[in-house]
Amino acid sequence: MFSILLVLLIIVAVMMIGLILLQKSEGSGMSGSSAASMFGGALTGAAAGNFLTRATAWLATIFFILCAALALVASKSDMAAPQSDLRNEIIHQESAPTPQQPAPAPITE
């Protein structure tokens, strides 16, 4: 389940990046050259901006839902339970009693 959600999240993220790059910005972005040729001229002007804005909003909503679902699945699964060997070693060293070192003798001259 985790792998499926992760793959879906990556696909949605890539699609969202593409849509954001296609949108028109103050510097004209990539929308002036790509949107008209990519969609055959059907999405030019206001129609392209409206479609791209709505599609980006839908993809962003799906992205956040997938993120929440991934977090829920990861917290409920056994993936979070096992600890690494390094963490176990650090915990073992912290819990082990440290030997007492004798105090240094004062130097008298």
Side-chain angles (χ1 to χ4, degrees):
M1 182 70 173
F2 184 81
S3 299
I4 294 170
L5 288 174
L6 188 61
V7 168
L8 286 175
L9 183 74
I10 291 170
I11 291 170
V12 168
V14 169
M15 290 173 57
M16 199 164 60
I17 289 170
L19 281 177
I20 289 171
L21 287 175
L22 285 175
Q23 289 183 14
K24 190 171 189 174
S25 65
E26 291 180 20
S28 178
M30 290 177 54
S31 66
S33 61
S34 299
S37 63
M38 187 170 145
F39 297 112
L43 293 175
T44 56
N50 201 12
F51 170 75
L52 293 174
T53 303
R54 287 186 182 186
T56 303
W58 276 105
L59 283 176
T61 303
I62 294 169
F63 181 83
F64 285 117
I65 291 171
L66 284 173
C67 285
L70 267 172
L72 184 67
V73 168
S75 69
K76 299 289 183 188
S77 70
D78 292 335
M79 291 178 9
Q83 295 179 354
S84 69
D85 293 334
L86 178 62
R87 181 178 170 90
N88 289 335
E89 185 178 335
I90 291 171
I91 291 173
H92 179 67
Q93 286 177 356
E94 288 178 352
S95 64
T98 57
Q100 295 291 333
Q101 294 181 354
I107 298 175
T108 55
E109 289 184 23

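Since the structure is predicted, the reported quantities are computational estimates derived from the model, not experimental observations.
- A distance of 12.0 Å separates CD1 in Ile62 from SG in Cys67, rounded to the nearest 0.5 Å.
- Contacts of Ile90 classified as side chain to side chain contact (heavy atoms under 4.5 Å, CB included), with partners at least two apart in sequence or in another chain: Leu86, Glu94.
- Linking ILVMFWY residues whenever their side-chain heavy atoms come closer than 4.5 Å, directly or via other members, leaves Leu19 and Trp58 in distinct clusters.
- Partner of Val7 under the side chain to side chain contact (heavy atoms under 4.5 Å, CB included) criterion, out of Ile4, Ile10, Ile11: Ile11 alone.
- In terms of the side chain to side chain contact (heavy atoms under 4.5 Å, CB included) criterion, residue partners of Ile20 (sequence neighbours excluded) are, by chain and number, Met16, Thr56.
- Residue Val73 comes nearest to Met1 through the heavy atom pair CG2-CG, 4.3 Å, listed as atom of the first residue, atom of the second, then distance.
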message: What verdict does the side chain to side chain contact (heavy atoms under 4.5 Å, CB included) test give for Leu70 and Leu66, after you've listed the backbone C-alpha separation in whole Å, the side-chain angles of each residue and the deciding distance to 0.1 Å?
response: CA-CA 6 Å; Leu70 267 172; Leu66 284 173; 5.5 Å; no

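- Leu8 and Phe2 fall within a single hydrophobic cluster, where Ile, Leu, Val, Met, Phe, Trp and Tyr side chains are chained together by heavy-atom contacts under 4.5 Å.
- Residues that satisfy the side chain to side chain contact (heavy atoms under 4.5 Å, CB included) test with Phe64, not counting sequence neighbours, are absent from this structure.
- To the nearest 0.5 Å, atoms CZ (Phe51) and CG (Leu22) are separated by 9.5 Å.
- For the residue pair Ser75 and Leu72, the shortest heavy atom distance occurs at OG-O, 2.9 Å.
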